[in-house]
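Quick one: structure below, then a few questions.
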Amino acid sequence: MKHLKIILTVIIVLFVIASVYSFFNISGQEIRFVDKLLEAKSVTVIVMNEDGDERAEYNLDITQIEQFKKLIEENSYTRRISSTIVGVLPDKRYTIFANWNDGGQKHLQISLIGGEYIQILGEYGSHYHKINNPDFEKQLISILGAEI
């Protein structure tokens with residue numbers, strides 16, 4: 001009987017740990033509509049500096065969309081409860097719009113603060129979450145094929 005209590009306690013503790021980890025860890029494959037990016041009518045990346053003065057717009061071709069899809073899906077993100085970001089923020093902002101030709105019912109909007117924080121509009125409380133890949137921004141710039 002004593003061994004059964006210990007086993008049940010261990011199982012409950014492991015379940016709680018797994019639940020907490022699952023809540024705070026967001027896989028790129030969990031992001032709604034990312035798996036359908038290749039079907040999008042258009043995918044546009046807008047790059048701005050922190051003041052919003054400089055602005056560049058890139059319309060991705062099918063190869064770039066595939067690379068971007070892979071970048072998002074293969075990374076993970078840490079959920080943040082707070083909407084406040086403390087510290088020095090990167091000076092570049094990226095907004096990615098994906099539109100499908102289905103009457104505007106399906107769309108995806110992703111905002112990035114440098115390669116450090118990501119926000120998926122309408123998902124995960126619409127807060128910015130930590131990107132767990134320090135090379136995320138470099139990989140995004142490589143996909144755009146631009147000197148940013």
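Below, each value reflects all heavy atoms present in this structure, side chains not excepted, and no hydrogens, waters or symmetry copies.
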Minimal heavy-atom distance between R93 and N49, with the atoms involved, is CG-O, 4.4 Å
In Å and rounded to the nearest 0.5 Å, what is the CD to CG distance from E73 to D35?
6.5 Å
Are any non-hydrogen side-chain atoms of V34 and K69 less than 4.5 angstrom apart?
yes
So do the side chains of Y58 and I143 get within less than 4.5 Å of each other, counting heavy atoms only?
no
Nearest heavy-atom contact between V43 and A40 is CG2-CB, 4.0 Å
Which heavy atom of F33 sits nearest a heavy atom of H107, and at what distance?
CD1-O, 3.4 Å
For the side chain of E74 and the backbone of L71, is there at least one donor-acceptor N/O pair under 3.5 Å apart?
no
With a 4.5 Å cut-off on side-chain heavy atoms, are V45 and L144 touching?
yes
Does the side chain of H127 come within less than 4.5 Å of H129's, by heavy atoms?
yes
Flag side-chain contact, heavy atom, 4.5 Å: L37 against I72:
no
Quick one: do E66 and K70 make a salt bridge, cutoff under 4.0 Å?
no
Within a strict 4.5 Å, meaning less than it, do heavy atoms of the L38 and I62 side chains meet?
yes
Rounded to the nearest 0.5 Å, what separation is found between the NZ atom of K92 and the CG atom of L140?
12.5 Å
Using the six-membered ring wherever Trp is involved, compare the ring planes of Y77 and F136 and label them parallel, tilted or perpendicular (cut-offs 30° and 60°).
perpendicular
After noting the C-alpha distance and the side-chain angles of N132 and T78, does the key distance pass the side-chain hydrogen bond (donor to acceptor under 3.5 Å, both in side chains) rule?
CA-CA 7 Å; N132 297 330; T78 301; 2.9 Å; yes
Over all atoms of both residues, closest heavy-atom pair of I46 and F97
CD1-CE1, 3.6 Å
Value for CD1 (I120) from CD (Q109), rounded to nearest 0.5 Å, stands at 11.0 Å
Close side-chain approach of V47 and T95, heavy atoms under 4.5 Å:
no
Check whether N25 reaches the backbone of Y21 with its side chain - one donor and one acceptor, N or O, closer than 3.5 Å.
no
Determine, stepwise, if the pair I118 / Y128 fulfils side-chain contact (heavy atoms from CB on, under 4.5 Å).
CA-CA 5 Å; I118 187 169; Y128 278 95; 5.7 Å; no
Considering all heavy atoms, the nearest R55-M48 contact:
CG-CG, 4.1 Å
Using only atom types and a distance under 3.5 Å, with no angle test, would you say the side chain of W100 pairs donor to acceptor with the backbone of K36?
yes
Value for CD1 (I96) from CG (L121), rounded to nearest 0.5 Å, stands at 12.0 Å
Do side-chain atoms of S22 reach the backbone of A18 as a donor and acceptor pair under 3.5 angstrom?
no
Side-chain donor or acceptor of D135 paired with backbone N/O of K138 under 3.5 Å
no
Output, in order, the C-alpha distance, side-chain angles, deciding distance and verdict of side-chain contact (heavy atoms from CB on, under 4.5 Å) for Y117 and S111.
CA-CA 8 Å; Y117 295 97; S111 295; over 6 Å; no
Roughly how far apart are K130 NZ and I113 CD1, rounded to 0.5 Å?
10.5 Å
Does NZ or CZ of R79 come closer than 6.0 Å to the centre of the six-membered ring of F23, within 45° of the ring's axis?
yes
Before giving the answer on side-chain hydrogen bond (donor to acceptor under 3.5 Å, both in side chains), spell out for Q139 and N133 the whole-Å C-alpha distance, their side-chain angles and the decisive distance to 0.1 Å.
CA-CA 10 Å; Q139 292 171 342; N133 177 358; 3.1 Å; yes
